[in-house]
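Since the structure comes first, as structure tokens, the remarks are kept for the end.
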Amino acid sequence: MSEKSGYSHSFDDNVEDYHPGEKSANRLTKSISRISSRISGSFARADDVEGQTDQAIFANHLQNAVSNPQTVERIQSLARTLSRKTKKELNKFEIDTEEFDLQSLLDYLQSKASEQNITSSHAGVAFKDVVASGKDVNAAYAPTVYEMMLAALNFFPNLVKKDTTPHRDIIKGFNGVLESGEMCLVLGRPGAGCSTFLKTLTGETSELTSFGGDFSYDGLSHEEMMTLFKNYIIYNPELDDHFPTITVKETIDFALKTKTPETRIDGMTRSQYVNNMRDLWCTVFGLRHTYATNVGNDFVRGVSGGERKRVSIVEALSCDASIYAWDNATRGLDASTALEFSQAIRVATNMLKNSAFVAIYQAGENIYELFDKVTVVYLGKQIYWGPAEKAKAYFEKMGWQCPQRMTTPEFLTSLTDPNGRITKPGFENKVPQTSEEFEEYWLNSPEYQELMTEYDNYIAGHSHDDTLNRLEIATSQRKQKLLRKSSPFVVSYFSQLCYLVTRGLQRARGDMTYITIYLTTFLVKGLIVGSMFYNIPEDTSGADSRSGILFYCLVYCAVTSLAEIAKSFANRKITLKQKSYSMYHLSAEALQEIVTEMPVKICAIIILALTSYWMPNLKHQAGPFFMYLIFLFLINQCFSFMFKLIATLAYDGETAHALGGLWVIMLAVYCGFIMKLPFAHHVLKWVHWINPMYYCYEQLMATEFHGRLMKCAEMVPNGPSYDAFGIANKVCSLYGSIAGQEYISGDAYIKKQYSMEYKHTWRNFGINIAWTAGFIIVYTILSEYLKNVVGGGDMLLYKRGHLPKNSNESIDGKVANREEMMKALNEPGADLQKIVAEKDVFSWQNLDYVIPYDGATRQLLDNIQGYVKPGNMIALMGESGAGKTTLLNTLAQRINFGVITGDILVNGRPIDASFKRRTGYVQQQDLHLAECSVRESLRFAADLRQPKATPQSEKYEYVETIIKLLGMQNYAEAIVGKIGRGLNVEQRKKLSIAVELVAKPSLLLFLDEPTSGLDSQSAWSIIQFLRALADSGQAILCTIHQPSATLFEVFDKLLLLKKGGKTVYFGDIGPHSETMLNYFERQSGVKCATQENPAEYILNCIGAGATASAADDWHELWINSPEYQQVTEEIAVLHRELPLRPVAENADTLKSTFATSWDKQMWYVLKRTFLQFWRSPIYIRAKFLECVSCSLFLGISFIGLNTSASSATNAFASVFMLLVIALAMINQTHVFAYPSRQLYEVREAASNTFHWSCLLLCHTFVEVVWSTICMFLCWVCFFWPAIQGHGSVERNGYFFFVFVLIFPLYFISYGLWILYFSPNVPSAAMINSMLFAALMLFCGILQPEQFMPGFWTFMYKASPFTYFVDSFVSALVHNREVKCTKDEFLSFPPPAGQTCGSYMEDYMNASTFTGYLKDASATDMCHYCQYNYQDEVVAQFNVKWEHRWRNFGFFWVYIVFNFAAMLGCYYIMRVKVWSLKSVLDFKKWFNGPHKDKHEKDTTVFQQKPGDEKVLKPKNL
């Protein structure tokens, strides 16, 4: 096939073999004439070929070929054929042009590419003695608070201490040759070095300390290739990182646009190139039907998993690279989708002649046969490289035996596991045992010598200068004009920006849910704020309300941009992948956000401005309104890019959110409302000048108060006795008033009170433009150059004192065999046959399951029957969507939705309350508490799930037995952790099984996909353990997805389902699967080949495989078969005879829901929760740093609250910001508590481990303990700098009591209440933000109660923050005398002949707050301070010291309500699962039930009649 950048590849290996000329032209004319006659009407002017130029013919042909149904089918036929041919096989064939018209097009493209000197960029690679080194850290101490404190103490010594971490060779001595057009399969167990090998070849070496060896990319060195032509090499660790809300067509179009070459055949336009190549590739890979469907991901509906894989392939192939490395490409895919993926890669290498390295952990034989070469990696050593068809024979010759029906990749992988390989008889002491011995054997083998000969031939056959010249020409032909020679990109920066803007708008259009919620939030908030501040008085009494609403709206516009941090981290993996593909500059992606996000944000600001400006009666003029609108938008944009910058600087979301929260508090305090500039402490006054929010607030205030004359609401002095005195002897009570003026100038007010002036308006506009531009520039530059991803190897984390001293070849011990299992699980001399005969039998019959679906119903299980006897191991199989897991969940009583009918029986009797206690269920997802060790996890399960009468010593002894049987001794004290820093996939699966085994399930063990995600050898180890467990008397029912032949034959019986939950077969498998195969061979008429996998054979028979289809209804065949009648009779016999058995003596003890009492459950869960917190130092550190940094900043800002009147109002301001710290702590609590809830609901609740209330109460209690410590530090950092030792013991003690002991109990119980009834963390954050903002809005600080509209006064009284603010502020100011500063005195002249004392006597006697005169005997000017005590200042906000014990009582009302609501809401929403739960599932409001927009196409590479005509043997 042609190369996309100029269509320069052919199906032949050597481009130079083609000689265009007259013969070619004649052939082209004939071919196109033939096409015209075959597909009449498909191409423009096809009946007049001779009257057109070649260019016109080509343009018409290519434009229409990809849209004509017949031609599309021919292209698909070619793809299906090529997906099954290796390069070696393809060399024996050529495309039959009589049957496949596309060859004419390909020949013409080859001819034109040669004529126009368009150069090929294909390349292979050869390497020798490759070595890569990294830090030798495969085990470390588990993180704890103690380890964190130890690290803090050693911080400074470690700065000067030399790094002594040892290094090791991760891979060493790798050799190989891969020609263009070939595929190499990389096999090895996890941790063997497969990923490091692929990364080294593709230049992704930043995580390595060093690497070396000889590399030749068609003659070029590794350094030259990575420096000059990195865009020709692609490493893909994860295939499915796409923007989920744009369509498949938009995704592929974007990739093609960024890679459209400058030189195109016959001057084809860019749009023609994109359209033609997209249609061609999507035809080849079966994606044309998905054009209008979103790509989707795990949370956003879209195309199927297999289709998403193919989208990833087309995206990568659009980059037109020469060498691809696909790492762990099929992880999480079922066998059919994995085959589909491998076939797609095979098509690509055959059509484009690129090279592909593919690492797959579980590869079937049909996948293996697609590869040209294979390499086997064993603990960093290469033990084979060569043709795939010779690998098995090489190791068999070495002395290893491949069991019958074991696939070749299984056999090759098993050789790297000492516990899984089988020696041929007579070779026991001759075969290599260690990785070093395997490597030595390989280096001395004739196969290695053949590889060295091939390597030498490759080096000799590829000239460095020729390749360099060819790739330089090819690169120059690709690049747009004016691009730097060294630039890895194809299109210019401006073009990248244009394409990114287009995609950004497409992303915005596809994510209407977020936009709707975003705009709705602004609308709701605007209506609430506007109505609460409704019709602010025009006189001086409304001055504070005006400043309050402006501050609130300003902060809201700024803080909503915090969401940018989460969005940045969500998109980071996608953009970094596309950057590694050399699609675009990350700085261009940063710049496009200016354009694409602006429309939505402008709409949001307009909504907020319209609702919050006119109702409160702000200045009703067009100019001020638009200034209000502009500056709110400006601060929104400024903070948006500021938070994006913070996200770019941070390595993780937790750190970014902590930095963002601290920054918001700093800027909000110093924006001019909380801390007014005239009163700011000189230590931190500079924050005003670097604060964009301050400049916006000054403009909003100046615009609102400029030219405003406010009538004085209260003159001093006033009263009946002062009516006779003129205005000249009075002054307005508003701060900054001048005697004798009844109207106060707004400009004078804000200048004296805030140091703000209207003349700064446009200066401030310019400054904020500069701030915004500065953030954009720095963000853009850092996006381009800063590496914000941390790499690291896998390691186990051990408890201190348990770190292993020596590192063995494998940390995993040997799994027990049948004899060891029986000896450990049964008493000495026990009669196993008798034990098995006396055990209960589980059966089910006529089982149906129906759910409501899209206004109708859907049947998921249809009349299923079966049974499991003790000692039996039953495989539950079927294609995706057949209902395997649904049936397992139904039988295990884990379904709480829909209607289940039929019989589920134990010994022929209906199941009772003891059923869950007598069964174990191993889920597909290995969910465990990350902070517990393996032994602790098992002991916890044993304590809570074994009968309470069993002594704890006996429980723990059984735990040790299970640990030994599963070979987990070496990591029993290792922390579960996360993948990469904790147990690996196999170790987690063993732990999942062990957790269920320590519960001693006497009836049945359910397992759902126990081999999912494991390599073939780990899967074999797990299944062998289950076999030994079954042989010791355990009944096992296990779903498994298309196992290998060796795994399949371990099972006793098979229950096979087809789509719709219909039974296809239930019965014995038999030795070598004979019993089962006899049935399917009889029904299908097709024999199962000797080497064929029986599991794949039966799935193909019923039409469930990737390359299968079935004309017969296999469910009907089963219903009408004698085998079905026999099973029905067997079940009837069981149901007649089993009820006659006596009931076990201990049956009653198992009928209680839980094995232990509630108080014991509380004790064990409480201990585990304390341990969870202790081993979460990152979370504890984040809490402490957030509290300490924010409170210390507030303490310094309000340092030394003095005796002035303004200090009393500053007490309000400081308390307001202290409440914000609680909001940050609640958000942190949500993130940390959610995994515990998830673990409980998914695993522990279903197995009746403990009561749900234990989880809620224990987590709340421990969270309160740590939060109390945090609040103590807050108290130290804020209270003492602010008070500086002043005040009585009573006041200080009360503040400590409420703030440190009561307040955390309230806000933690409130925060966890929100989490425990919310469906997920984002929903909880959204609900909490809305409620918390409302509580702060209605607490009386921003708007006093007397100014609230009547309805909102109810919210003032209902808000708990009203009473917390009352308690905090009153404790800060109580009984403190006021000593007014010079500016706080109200100055006015007394009437002639009177002293100030005599003039003010009546007023001061009548006033609630008497105040005092600076000099009562003065006769020229009176200086009057309105307050004697700071209590009087805050009393106008209804804050009084005498309320303190009333408030204390209210606190307990709210706390008790929180706990009651937490328990009640959790019961309603999560335990009973009432329909009310859906109210909070916001995603369903907009998305509805999950449905694909099209049926999944699983037959894209399925062979069809006529495909064999596409290729014909070459005439050699």
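Every value quoted in this text rests on a predicted model; they were computed, and no experiment measured them.
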Rounded to the nearest 0.5 Å, what separation is found between the CG atom of Leu1331 and the CG atom of Leu1223?
11.0 Å

Apply salt bridge (charged side-chain N to carboxylate O under 4.0 Å, His left out) to residues Arg1444 and Glu1290 and explain how you reach the verdict.
CA-CA 11 Å; Arg1444 63 191 183 282; Glu1290 182 186 15; 3.3 Å; yes

Flag, side chain of Ser1309 to backbone of Asn1458, donor-acceptor distance under 3.5 Å:
no

Please test Cys712 against Cys732 for disulfide bond (SG atoms under 2.5 Å apart), starting from the C-alpha separation and ending with a verdict.
CA-CA 6 Å; Cys712 184; Cys732 187; 2.1 Å; yes

Over all atoms of both residues, closest heavy-atom pair of Ser1189 and Leu662:
OG-CD1, 3.9 Å

Are the ring centres of Phe1212 and Phe1437 closer than 6.0 Å?
yes

Consider only side-chain N and O atoms of Thr1381 and Asp1383, and report whether a donor and an acceptor are under 3.5 Å apart.
no

Is Asn718 reaching over with its side chain to a backbone N or O of Met715, donor-acceptor style, under 3.5 angstrom?
yes

Pairwise distance OH(Tyr694) to CZ(Phe673) - rounded to 0.5 angstrom
15.0 Å

Could you work out, with disulfide (SG to SG under 2.5 Å) as the rule, every residue matching Cys1270, not counting sequence neighbours?
none

Could you tell me the separation between the CG atom of Leu523 and the OG atom of Ser612, rounded to the nearest 0.5 Å?
11.0 Å

Donor-acceptor pair, Ser1359 side chain versus Met1355 backbone, under 3.5 Å?
no

Would you kindly say whether Thr1395 and Ser1398 are connected by a side-chain donor-acceptor distance under 3.5 Å?
yes

Are Phe1193 and Trp663 an aromatic pair by the rule of ring centers under 6.0 Å?
no

Are the side chains of Asp544 and Phe1347 in touch, meaning some heavy atoms are under 4.5 Å apart?
no

Would you check, one step at a time, whether the test disulfide bond (SG atoms under 2.5 Å apart) holds for Cys671 with Cys696?
CA-CA 8 Å; Cys671 78; Cys696 271; over 6 Å; no

Is there side-chain contact between Thr1268 and Met1271, with heavy atoms separated by less than 4.5 Å?
no

Heavy-atom side-chain contact between Ser1191 and Ile1221 under 4.5 Å:
yes

Below 30° counts as parallel, above 60° as perpendicular, anything between as tilted: where do the rings of Phe1368 and Phe1303 land?
perpendicular

For Ser737 and Ser733, indicate whether the former's side chain and the latter's backbone hold a donor-acceptor pair under 3.5 Å.
no

Side-chain donor/acceptor of Tyr695 to backbone N/O of Trp689, under 3.5 Å:
yes

Electrostatic pair Glu757:Arg763 at N-O distance under 4.0 angstrom
no

Keeping Gln1430 on the side-chain end and Ser1204 on the backbone end, is there a donor-acceptor pair under 3.5 Å?
yes

Verify the neighbour count for atom NZ of Lys1379: are there more than 12 heavy atoms of other residues, nucleotides or ligands below 6.0 Å?
no

Minimum heavy-atom distance Ala1333-Lys525, with the two atoms named:
CB-NZ, 3.4 Å

Check: Asn764/Gln699 side-chain N/O donor and acceptor closer than 3.5 Å:
no

Aromatic contact, Tyr1399 with Phe725 (centres under 6.0 Å):
yes

Between Gln1343 and Gly1340 (side chain of the first, backbone of the second, donor and acceptor by atom type, cut-off under 3.5 Å), is there such a pair?
no

Near-ring test Phe1279/Phe1299, centroid separation under 6.0 angstrom:
no

Asp747 vs Tyr758, test: side chain to side chain contact (heavy atoms under 4.5 Å, CB included). Steps then yes/no.
CA-CA 7 Å; Asp747 294 277; Tyr758 181 74; 3.9 Å; yes

Main chain of Thr1362, side chain of Asp1366: is a donor-acceptor contact present, judged purely on distance under 3.5 Å?
no

Between Phe1451 and Tyr1363, is the gap from one ring center to the other below 6.0 Å?
no

What pair of heavy atoms forms the shortest contact from Ala728 to Ala739, and how long is it?
O-CB, 4.5 Å

Ring centre gap for Trp1352 and Tyr534 strictly below 6.0 Å
no

Please work out whether the ring planes of Phe1272 and Phe1296 are parallel, tilted or perpendicular, with thresholds of 30° and 60°.
perpendicular

Does a side-chain heavy-atom distance below 4.5 Å link Arg1376 with Asp1431?
no

Trace of the side chain to side chain contact (heavy atoms under 4.5 Å, CB included) decision for Leu608 with Cys557
CA-CA 9 Å; Leu608 181 66; Cys557 288; 3.4 Å; yes

Polar side-chain atom of Lys730 near backbone of Tyr722 as donor-acceptor pair, under 3.5 Å
yes

Quick one: does Glu1432's side chain get under 4.5 Å of Val1378's, heavy atoms only?
no

Run the salt-bridge test on Arg546 and Glu538 with the 4.0 Å N-O cut-off and return the result as yes or no.
yes

Any chance you could lay out the side chain to side chain contact (heavy atoms under 4.5 Å, CB included) test for Met1400 and Val716, step after step, and finish with the verdict?
CA-CA 9 Å; Met1400 293 291 292; Val716 176; 4.2 Å; yes

Parallel, tilted or perpendicular: which describes the rings of Phe1448 and Trp1445, with under 30° parallel and over 60° perpendicular?
perpendicular

Taking Thr703 for its side chain and Leu700 for its backbone only, find out whether a donor-acceptor pair lies under 3.5 Å.
no

Does Phe625 have its ring centroid less than 6.0 Å away from the ring centroid of Tyr613?
yes

Within this structure, what is the CG-CD1 distance for the pair Asn1210 and Ile674, rounded to the nearest 0.5 Å?
9.0 Å

Rounded to the nearest 0.5 Å, how far apart are CG of Leu1301 and CH2 of Trp1275?
10.5 Å

Where do Ala1208 and Val1373 come nearest, in terms of heavy atoms and distance?
CA-CG1, 4.1 Å

If you compare all heavy atoms of Gly526 against all heavy atoms of Thr611, which two are closest, and at what distance to 0.1 Å?
CA-OG1, 3.1 Å

Please assess Asp539 against Ser541 for the test side-chain hydrogen bond (donor to acceptor under 3.5 Å, both in side chains), listing each intermediate value before the final yes or no.
CA-CA 6 Å; Asp539 57 23; Ser541 64; 2.4 Å; yes

If you round to the nearest 0.5 Å, how far is CD1 of Ile1226 from CD1 of Ile1308?
6.5 Å

So which heavy atom on Ser1206 is nearest to which on Thr1209, and how close?
O-OG1, 2.6 Å

Mind checking whether Tyr754 and Tyr697 have parallel, tilted or perpendicular rings, split at 30° and 60°?
perpendicular

Do Phe1459 and Trp1313 make the cut of ring centroids closer than 6.0 angstrom?
no

Parallel, tilted or perpendicular for Trp762 and Phe765, by the 30°/60° rule?
perpendicular

For the NZ atom on Lys751, are there more than 12 heavy atoms of other groups (residues, nucleotides or ligands in this structure) within a distance under 6.0 Å?
no

Kindly say whether the aromatic ring centers of Tyr749 and Phe705 come within a distance under 6.0 Å.
yes

